[in-house]
Q: 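Submitted below is the structure of interest, expressed as structure tokens.
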Amino acid sequence: MKSLYFCFKEKFVQTIRFFYAFLDDGSRCFICNKRSLFLPVCKSCIKKFYSVENAFSSKRCMYCGKELISTHDTCMKCRENRVITSCDYVMPLFSYRLWNKELLYHWKIEGNRSLSSFFSSLVKEALLKLNESIIVPVPPRKGKIQKNGWDQIDDLCQFLEKMYGFRVLKILQRCSLQQQKKLNRQERLETIKSAYSLLPEAAFRKELQKNKGILPEKVCLLDDVCTTGSTIECCAQILKKAGIKKVGVITLFTVD
């Protein structure tokens, strides 16, 4: 259910950001260097480079969702060493290169939370196109929110749930404290199996009350970046073992 308080608060915060950005001559677009107010991407570049419609019209690998440049239905990596086997589809919206790396850095590391609203609007479009209504976020490391004050996927879910009315079920937990970005491909594949699990039984049942206590038949996993696919594969395996029949995935970016 949408939260009127959240919507009002966000509109107020955006108005304040707009006001201060106007007084400070605004931000500059990462891509074209034009003035862009409080978002580090201008409207013309958003329209050109961040079209969800274009993302869906691209030919993609049937397993990992990466954009294809060949006539095959699968990418080279999935033909040689397929990692993702439990996901019913994977839909990365954009490639993790060029200015997208900088954009993600400003969001995740520097804490530019104005980007949460922007990214959530893109995810909302993708969810509607895929006819998905229930989101399961990939959980952060234990203690991350307490330490940093926020988590980027948690922020996305706040918008998707309270601004757009999607249902968010936080039924997964992160067991490992090790950061996956510090591991190479082989290390990720070796350590990921023990990195995630379902919530303990009582907490799991309590979270399901958001869905009238019923385990949904299908959900959409949400993460920011798909690197090797090991994280989303591990989470999808856990969800299917719990009884969920269909697990799709949306990520903002994919490393190709």
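Remember, predicted model here, so these are calculated numbers, not experimental data.
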Q: Between P137 and I153, what is the shortest heavy-atom contact and its length?
A: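 Looks like CB-CG2, 3.6 Å.
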Q: Decide yes or no for V138 and L172: does some side-chain heavy atom of the first lie under 4.5 Å from some side-chain heavy atom of the second?
A: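 With C-beta onward as the side chain, the pair stays apart.
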Q: Tell me whether E233 contacts the main-chain N or O of S86 through its side chain, where contact means a donor paired with an acceptor under 3.5 Å.
A: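 Pair found, side chain donor or acceptor close to backbone of S86.
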Q: Are V123 and F56 joined in one hydrophobic group, where the rule is that I, L, V, M, F, W and Y side chains link up if heavy atoms are under 4.5 Å apart?
A: yes
Q: S120 and L156: which non-hydrogen atoms are nearest, and at how many Å?
A: N-CD2, 3.4 Å
Q: Would you say M76 and V83 are hydrophobically clustered, going by side-chain heavy atoms of ILVMFWY under 4.5 Å?
A: no
Q: Are the charged groups of R205 and E201 less than 4.0 angstrom apart, N to O?
A: yes
Q: Between S95 and D256, do the side chains contain a donor N or O and an acceptor N or O under 3.5 Å apart?
A: yes
Q: Has the side chain of N148 got a donor or acceptor atom that lies under 3.5 Å from a matching backbone atom of W150?
A: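 Flag not set: sc N148 to bb W150 has no pair under 3.5 Å.
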Q: Could you verify whether a donor N or O on one side chain and an acceptor N or O on the other, from Q152 and S116, lie under 3.5 Å apart?
A: no
Q: Going by the ring-ring contact (aromatic ring centres under 6.0 Å, His included) test, which pairs reach into residues 63-90, not counting sequence neighbours?
A: none
Q: Kindly indicate, with the supporting measurements, whether the criterion ring pair (Phe, Tyr, Trp, His ring centres under 6.0 Å) is fulfilled by F49 and W99.
A: CA-CA 10 Å; F49 297 108; W99 49 78; 4.7 Å; yes
Q: Flag yes if more than 12 heavy atoms outside Q209 fall under 6.0 Å of its CD atom; otherwise flag no.
A: yes
Q: Excluding sequence neighbours, so at least two apart, what forms side chain to side chain contact (heavy atoms under 4.5 Å, CB included) with N100?
A: Y50, F94, F253
Q: Any side-chain heavy-atom pair from Y196 and Q173 closer than 4.5 angstrom?
A: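 Contact flag for Y196/Q173 side chains = no.
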Q: Check for me, please, whether L127 and V225 land in the same ILVMFWY cluster - side-chain distances under 4.5 Å, paths through other members count.
A: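 Linked, L127 and V225 end up in one cluster.
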Q: State whether the number of non-hydrogen atoms from other residues, nucleotides or ligands found under 6.0 Å of K246 atom NZ is greater than 12.
A: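 No, because the 6.0 Å sphere around NZ of K246 holds 12 heavy atoms or fewer from other groups.
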Q: Side-chain contact, heavy-atom cut-off 4.5 Å: V247 with V136?
A: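 No; the side chains remain at least 4.5 Å from each other.
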Q: Could you tell me which non-hydrogen atom of C29 sits nearest to which non-hydrogen atom of C42, and how far apart they are?
A: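 Nearest pair, atom of C29 first, then C42: SG-N, 3.4 Å.
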Q: Give, for atom CG of L239 and atom SG of C87, the distance between the pair rounded to the nearest 0.5 Å.
A: 9.0 Å
Q: Tell me whether N131 at atom CG has more than 12 heavy atoms from other residues, nucleotides or ligands lying less than 6.0 Å away.
A: no
Q: Quick one: are L103 and P40 in side-chain contact, heavy atoms under 4.5 Å?
A: yes
Q: For F166, does the six-membered ring have the charged nitrogen or CZ of K124 within the cation-pi criterion, i.e. under 6.0 angstrom from the centroid and within 45° of the normal?
A: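 So K124 doesn't make the cation-pi contact.
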Q: So which heavy atom on I171 is nearest to which on I244, and how close?
A: CD1-CD1, 4.3 Å
Q: Does R79 reach the main-chain N or O of T74 with its side chain, forming a donor-acceptor pair under 3.5 Å?
A: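 Checking the backbone N and O of T74 against the side chain of R79, a donor-acceptor pair under 3.5 Å is found.
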Q: Is there side-chain contact between R82 and T85, with at least one heavy-atom pair below 4.5 Å?
A: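 A side-chain contact under 4.5 Å exists here.
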Q: For P92 and K66, work out which heavy atoms get closest and say how close.
A: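 Looks like CG-N, 4.3 Å.
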Q: Report the C-alpha distance between V90 and C64 in whole Å, list the side-chain angles of each, state the deciding distance to 0.1 Å, and finish with yes or no for side chain to side chain contact (heavy atoms under 4.5 Å, CB included).
A: CA-CA 6 Å; V90 180; C64 71; 5.5 Å; no
Q: Is there a side-chain contact between C226 and V255 in this structure, where contact means two heavy atoms from C-beta onward sitting under 4.5 Å apart?
A: no
Q: What verdict does the side chain to side chain contact (heavy atoms under 4.5 Å, CB included) test give for C175 and S194, after you've listed the backbone C-alpha separation in whole Å, the side-chain angles of each residue and the deciding distance to 0.1 Å?
A: CA-CA 7 Å; C175 305; S194 59; over 6 Å; no
Q: With side chain to side chain contact (heavy atoms under 4.5 Å, CB included) as the test, would you mind laying out the steps for K240 and D88 before giving the verdict?
A: CA-CA 11 Å; K240 287 199 165 180; D88 291 274; 2.9 Å; yes
Q: Kindly indicate whether the side chain of I46, heavy atoms from C-beta on, has any atom under 4.5 Å from the side chain of S51.
A: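 The answer is no; the side chains never approach within 4.5 Å.
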Q: NZ of K129: more than 12 outside heavy atoms within 6.0 angstrom?
A: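 Yes.
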Q: Tell me the closest heavy-atom pair linking N211 and I214, and the distance in Å.
A: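 Residues N211 and I214, closest heavy atoms: ND2-O, 2.7 Å.
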Q: Looking at K210 and E207, is any side-chain nitrogen of the basic one under 4.0 Å from a carboxylate oxygen of the acidic one?
A: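 Answer for the salt bridge query: yes.
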Q: How about E53: does its CD atom have over 12 heavy atoms from other parts shown lying under 6.0 Å from it?
A: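 Counting neighbours around CD of E53, 12 or fewer heavy atoms of other residues, nucleotides or ligands fall under 6.0 Å, so no.
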Q: Can you establish whether the number of heavy atoms outside K34 located under 6.0 Å from its atom NZ is more than 12?
A: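 Counting neighbours around NZ of K34, 12 or fewer heavy atoms of other residues, nucleotides or ligands fall under 6.0 Å, so no.
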Q: Tell me whether L115 is reachable from Y164 by hopping between hydrophobic residues (I, L, V, M, F, W, Y) whose side-chain heavy atoms are closer than 4.5 Å.
A: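 Cluster IDs for Y164 and L115 match.
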Q: Measure from the side-chain N and O atoms of N112 to the backbone N and O of S114, and report whether any donor-acceptor pair falls under 3.5 Å.
A: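 Judged by distance alone, yes, a pair lies under 3.5 Å.
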Q: Test side chain to side chain contact (heavy atoms under 4.5 Å, CB included) on R174 and K144; report intermediate values, then the result.
A: CA-CA 11 Å; R174 179 83 173 262; K144 180 182 177 182; over 6 Å; no
Q: For a 4.5 angstrom cut-off between non-hydrogen side-chain atoms, does D154 reach K170?
A: yes
